[in-house]
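Take a look at the structure set out below.
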Amino acid sequence: MPALTNTTTLGHARILGVGSYRPERIVPNSEVVEAIDSSDEWIQQRSGIRQRRFAGPDETVQMMSVAAARQALDHAGIEASQLDCVIVATVSHLLQTPAVAPMVAAELGADHPAAFDLSAACAGFCHGLALASDQVRAGSSRHVLVIGVERLSDITDPTDRGTAFIFADGAGAVVVGPSDEPGIGPVVWGSDGERKDLIRQREDWRDVVGTPELPGSGRMPTLTMEGNAVFRWASFEMARTASRALEVAGLTPSDLDVFVPHQANMRITDAMARAMRLPDTVRIARDIAEQGNTSAASVPLALDRMIREGQARTGDTALLIGFGAGLSYAAQVVVVP
Ligand code: UT7
């Protein structure tokens, strides 16, 4: 039998460009409190959220993805036709199949790249970034578009006290491509399926539609979360995961310029920074105050804001971490483009 040939050797990858899309409609806390018997003060104190954005009817998952992707391609100086792969991380593309990624690729005018969706909830973007980095390094793709996008307002119950004030909508994107120097560190990732019930869709589609024996609910299945248990897991275990990502990249906290954790809750971000003993010089993403928790979109949205506001500068080292339903998590250090 002839031996397979594989001539690729490992190269380096980096983020070449970042982009975002924030829905037009700004929703202050005052608009969500009545349905959950809450207050602006409680929400700000417990989560740091002042407002969030909810997508309108035309701001679909595909539309927001394309808008964020166009910015990222522009920033990278790459044409859509140069993309070899498009990865869309999301849990709120409400069509079981086909995935949204091929439609995004087609709308961008890409030349039939590999395109698929990735379901790892709030850790989805960092999973996609790890896959993109490995593809570029191994040579199976030269340029990869990674998008994190959510329309969580579609799958959030506005009367659920534990989730209605947290979840929001938006999209962020990066283009990953070849580099002369290492630009994306090794990923530290994992899952804990035994804790699957901590954040989940309340019921599956069969429960909605019903069976010959049982009538269906007929309602959109929404998200449910055991907030306090997730809070403790995120604040402590995820701080260790983030520290490990620094370590495997050969860095210490004092080498770090920027920290971009999943924008789950401002208090989680603060607890992680304390547990990791990040020096005061590290600039920390706080996009959640204005944007809410956008699951897969939150890390690229927060990174994009920091770049645009000059808090993250070209060549800075930034530690990214996503964590959430699954449970699943992924963290890596990147060089800011
Ligand atoms: O993105 C995926 C990962 N997700 C996360 O990382 C989210 C993690 N969890 C959280 O961010 C927090 O758990 C929440 C912000 C969701 C909740 O904050 P908490 O400090 O964990 O609140 P709690 O559930 O422990 O409730 C504390 C109190 C309770 O009252 P008592 O028993 O102390 O009198 C609740 O009844 O706050 C009450 N409460 C509320 N009050 C006003 C619970 N929800 C609300 C509400 N408004 N919406």
Side-chain angles (χ1 to χ4, degrees), residues 15-28 49-80 83 86-95 99-110 113 115 117-118 121-122 124-126 128-129 132 143-156 166-176 260 262-263 285-309 311-312 320 322 336-337:
I15 295 177
L16 303 177
V18 185
S20 68
Y21 181 81
R22 298 175 193 269
E24 300 265 312
R25 190 173 152 230
I26 294 174
V27 180
I49 299 172
R50 284 198 292 270
Q51 62 177 47
R52 76 281 296 134
R53 289 182 186 236
F54 286 165
D58 298 335
E59 293 171 311
T60 62
V61 164
Q62 182 173 336
M63 179 268 168
M64 294 193 287
S65 297
V66 167
R70 286 202 172 116
Q71 268 194 11
L73 286 163
D74 244 31
H75 188 203
I78 295 292
E79 299 292 331
L83 293 172
V86 174
I87 301 173
V88 179
T90 185
V91 294
S92 48
H93 168 57
L94 297 180
L95 206 57
V100 74
M103 300 188 250
V104 170
E107 193 178 336
L108 286 169
D117 292 359
L118 189 161
C122 309
F125 172 80
C126 291
L129 186 58
H143 293 112
V144 182
L145 174 65
V146 184
I147 298 168
V149 57
E150 302 291 1
R151 258 180 77 103
L152 295 177
S153 58
D154 283 339
I155 52 170
T156 302
I166 286 202
F167 293 132
D169 306 337
V174 299
V175 176
V176 175
V260 189
H262 165 47
Q263 301 291 287
R286 299 194 179 279
D287 193 42
I288 189 167
E290 312 292 323
Q291 184 67 37
N293 175 338
T294 55
S295 189
S298 93
V299 168
L301 272 169
L303 177 62
D304 185 68
R305 181 191 288 275
M306 292 187 86
I307 292 172
R308 277 164 213 283
E309 292 182 353
Q311 287 179 285
L320 316 182
V336 174

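Only this structure's heavy atoms are used, side chains among them; waters, hydrogens and symmetry mates stay out.
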When rounded to the nearest 0.5 angstrom, what distance separates CZ in R52 from CG in N293? 11.0 Å
Please lay out, stage by stage, how D169 and E150 fare under the test side-chain contact (heavy atoms from CB on, under 4.5 Å). CA-CA 5 Å; D169 306 337; E150 302 291 1; 5.5 Å; no
Contacts of A302 that satisfy side-chain contact (heavy atoms from CB on, under 4.5 Å) - sequence neighbours left out: V260, Q263, A285, D287
Would you name the heavy atoms of A67 and Y21 that are closest together and state the gap between them? CB-CD1, 3.5 Å
Identify the heavy atoms of V144 and A132 that sit nearest to each other, and give their distance. CG1-CB, 3.6 Å
Would a 4.5 Å heavy-atom cut-off, applied to side chains only, mark V146 and I15 as touching? no
Partner of R22 under side chain to side chain contact (heavy atoms under 4.5 Å, CB included), chosen from E290, R305, M64: R305
Point-to-point distance, once rounded to the nearest 0.5 Å, from OG1 of T60 to CE of M103: 9.5 Å
Considering only heavy atoms from C-beta outward, does the side chain of E59 approach that of R53 to under 4.5 Å? no
For C126 and L320, work out which heavy atoms get closest and say how close. SG-CB, 4.1 Å
Give me each pair satisfying side chain to side chain donor-acceptor pair (under 3.5 Å) with a member in residues 64-77, each pair once, sequence neighbours excluded. Q71-R308
For I155 and F167, what are the C-alpha separation, side-chain angles and deciding distance, and is it a side-chain contact (heavy atoms from CB on, under 4.5 Å)? CA-CA 9 Å; I155 52 170; F167 293 132; over 6 Å; no
Rounded to the nearest 0.5 Å, how far does CG of L152 lie from SG of C122? 7.5 Å
Could you walk me through whether L94 and V61 satisfy the side-chain contact (heavy atoms from CB on, under 4.5 Å) test, starting with their C-alpha distance in whole Å, then the side-chain angles of each, then the deciding distance to 0.1 Å, before giving a yes or no? CA-CA 9 Å; L94 297 180; V61 164; over 6 Å; no
Nearest heavy-atom approach of F125 to G148 is CD1-N, 4.2 Å
Step by step, would you call S92 with D154 a side-chain hydrogen bond (donor to acceptor under 3.5 Å, both in side chains)? CA-CA 8 Å; S92 48; D154 283 339; over 6 Å; no
Closest non-hydrogen contact found for S153 with A55 is OG-N, 4.4 Å
Rounded to the nearest 0.5 Å, what's the gap from CZ on R50 to CD on Q291? Could you check? 12.5 Å
Without swapping roles, check the side chain of E24 against the backbone of G56 for a donor-acceptor pair under 3.5 Å. no
Is there a donor-acceptor pair under 3.5 Å between the side chain of T90 and the backbone N or O of V149? yes
Heavy atoms only: give me the nearest A173-I147 pair and the separation to one decimal. CB-CG1, 3.9 Å
Please test I166 against I288 for side-chain contact (heavy atoms from CB on, under 4.5 Å), starting from the C-alpha separation and ending with a verdict. CA-CA 9 Å; I166 286 202; I288 189 167; 5.9 Å; no
